[in-house]
**Q** 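Here it is, the structure in full.
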Amino acid sequence: MGRLAKRAVILMLPLALAACFGSDGDRPSLMEGTQTGGPQPFPDNFRGDTLALMRAYLNNPVGVRDAGIAEPVLREIGGRQFYVSCLHFTPRETDGSYKTVRERAAVFVNGRGDRVVDRTNEFCVGAVYAPFPELEKMTR
C-alpha cells in the first residue's frame, strides 16, 4: 500500500467510526434534553432485556439468589418519562458468601433495555415483585 493510500485510510477512519457511533435518529437517550420520538412504548420483552443488561452489569452472574422483578412502570428521569423495571436479588460475593439483598432498576428506551441504575429510591417505591428465576439460572 502506498504512502498516500495509508494516509487516506488514516484520515477516513474517524469518519467511519463516527458513522458507527452516530445518532439513533429519534431514539431518546437519558442524556438528551428533550423527549423526542413521542411517548415511550411498553417494553414487551422486558424480562429478556433485563436479563441481558444484568449479564453485562454483574461481575459474576453465577449463583444469584432470591431474584425478583417488578412490571415496568413509567417514571420520570431527567424530566422525561421512561419505563423502569425494578429488581431485587442477592448476588454471590467474591468470597462465596451471600450478604444483603440488592435493588436495581432497569431503564428502557423505545421499548428496549438501555441501562441498569444503582440508586433506586424514587423509582422502586411500592414495587410489587414476582419471582425472576431466569436471573438465578444465569451462567458466565
Side-chain angles (χ1 to χ4, degrees):
M1 192 185 255
R3 194 171 180 184
L4 185 60
K6 285 181 184 178
R7 286 185 182 172
V9 169
I10 290 172
L11 291 174
M12 294 302 290
L13 185 61
L15 292 174
L17 289 174
C20 290
F21 296 107
S23 171
D24 282 344
D26 67 346
R27 179 179 179 202
S29 79
L30 299 178
M31 303 303 162
E32 293 174 352
T34 62
Q35 176 94 21
T36 56
Q40 290 291 305
F42 184 82
D44 293 324
N45 189 25
F46 74 92
R47 292 175 79 91
D49 283 358
T50 302
L51 198 59
L53 287 171
M54 292 304 290
R55 186 175 318 260
Y57 175 80
L58 292 172
N59 291 333
N60 181 7
V62 178
V64 172
R65 291 184 179 171
D66 306 320
I69 188 167
E71 290 279 326
V73 294
L74 277 173
R75 297 284 190 227
E76 187 171 315
I77 301 173
R80 291 162 291 155
Q81 297 286 316
F82 294 99
Y83 276 98
V84 175
S85 179
C86 296
L87 303 162
H88 67 189
F89 59 95
T90 306
R92 183 182 300 182
E93 302 294 332
T94 54
D95 64 0
S97 66
Y98 292 91
K99 294 186 179 153
T100 61
V101 173
R102 302 220 177 113
E103 190 171 62
R104 300 292 183 260
V107 179
F108 299 88
V109 176
N110 277 354
R112 297 182 306 216
D114 189 65
R115 66 190 62 209
V116 175
V117 179
D118 291 340
R119 296 189 185 117
T120 61
N121 296 345
E122 68 264 9
F123 302 136
C124 297
V125 173
V128 177
Y129 294 95
F132 193 27
E134 299 91 11
L135 187 62
E136 296 173 6
K137 295 175 186 173
M138 278 198 308
T139 60
R140 287 186 192 244

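The first residue of the sequence shown is numbered 1, and numbering continues consecutively from there.
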**Q** Can you name the residues that form a salt bridge (Lys or Arg N to Asp or Glu O under 4.0 Å) with Arg75, not counting sequence neighbours?
**A** none
**Q** Just grab all the disulfide bond (SG atoms under 2.5 Å apart) pairs involving residues 47-125, residues at least two apart or on different chains.
**A** Cys86-Cys124
**Q** Could you report the tightest heavy-atom contact between Val64 and Leu135, atom names first, then the distance?
**A** CB-O, 3.8 Å
**Q** Can you name the closest pair of heavy atoms from Gly111 and Pro41 and give their distance?
**A** N-CG, 3.7 Å
**Q** Run the side-chain hydrogen bond (donor to acceptor under 3.5 Å, both in side chains) test against Arg102 and tell me which residues pass, sequence neighbours left out.
**A** Glu93
**Q** What residues form a ring pair (Phe, Tyr, Trp, His ring centres under 6.0 Å) with Phe46, not counting sequence neighbours?
**A** none
**Q** Under the criterion side-chain contact (heavy atoms from CB on, under 4.5 Å), I'd like the reasoning laid out for Glu103 against Leu87: C-alpha separation, chi angles, the key distance, then a yes or no.
**A** CA-CA 6 Å; Glu103 190 171 62; Leu87 303 162; over 6 Å; no
**Q** Mind jotting down which residue pairs meet the ring pair (Phe, Tyr, Trp, His ring centres under 6.0 Å) criterion with at least one end in residues 96-123? Sequence neighbours excluded, please.
**A** none
**Q** Test side-chain contact (heavy atoms from CB on, under 4.5 Å) on Phe89 and Val101; report intermediate values, then the result.
**A** CA-CA 5 Å; Phe89 59 95; Val101 173; over 6 Å; no
**Q** Using atom types as modelled and distance alone, determine if a side-chain donor or acceptor of Glu76 lies under 3.5 Å from a backbone N or O of Gln81.
**A** no
**Q** Run the side-chain hydrogen bond (donor to acceptor under 3.5 Å, both in side chains) test against Tyr83 and tell me which residues pass, sequence neighbours left out.
**A** none
**Q** Applying a strict under-4.5 Å side-chain criterion to I, L, V, M, F, W and Y, I'd like to know whether Val109 and Val117 cluster together.
**A** yes
**Q** Apply salt bridge (Lys or Arg N to Asp or Glu O under 4.0 Å) to Glu134 and list each qualifying residue two or more places apart in sequence or on a separate chain.
**A** Arg47
**Q** Using the rule that Ile, Leu, Val, Met, Phe, Trp and Tyr join whenever any side-chain heavy atoms are under 4.5 Å apart, tell me whether Ile69 and Val84 fall into a single cluster.
**A** no
**Q** Taking all non-hydrogen atoms of both residues into account, name the closest pair between Ala106 and Leu53 and its distance.
**A** CB-CD1, 4.1 Å
**Q** Over all heavy atoms of both residues, which pair between Pro61 and Met138 is shortest? Give the atoms and the distance, please.
**A** CB-CE, 3.3 Å
**Q** Taking atom CZ of Arg92 and atom CG of Asn60, what is their separation to the nearest 0.5 Å?
**A** 7.0 Å
**Q** Which residues pass the side-chain hydrogen bond (donor to acceptor under 3.5 Å, both in side chains) test with Arg55, sequence neighbours left out?
**A** none
**Q** Identify the heavy atoms of Gln40 and Leu74 that sit nearest to each other, and give their distance.
**A** CB-CD2, 4.5 Å
**Q** Under the 4.5 Å side-chain heavy-atom rule for ILVMFWY, direct or indirect, which residues accompany Tyr129?
**A** none
**Q** List, by chain and number, the other hydrophobic cluster members for Val73, where Ile, Leu, Val, Met, Phe, Trp and Tyr join if side-chain heavy atoms come within less than 4.5 Å, directly or indirectly.
**A** none
**Q** Hey, could you give me each pair passing salt bridge (Lys or Arg N to Asp or Glu O under 4.0 Å) that has a residue in residues 59-71? Not counting sequence neighbours.
**A** none
**Q** Within this structure, what is the CE-CG distance for the pair Met54 and Asp49, rounded to the nearest 0.5 Å?
**A** 13.5 Å
**Q** Should the heavy atoms of other residues, nucleotides or ligands under 6.0 Å from CG of Asn59 be counted, would the total exceed 12?
**A** no
**Q** Which residues pass the side-chain hydrogen bond (donor to acceptor under 3.5 Å, both in side chains) test with Arg104, sequence neighbours left out?
**A** Tyr57, Asp118
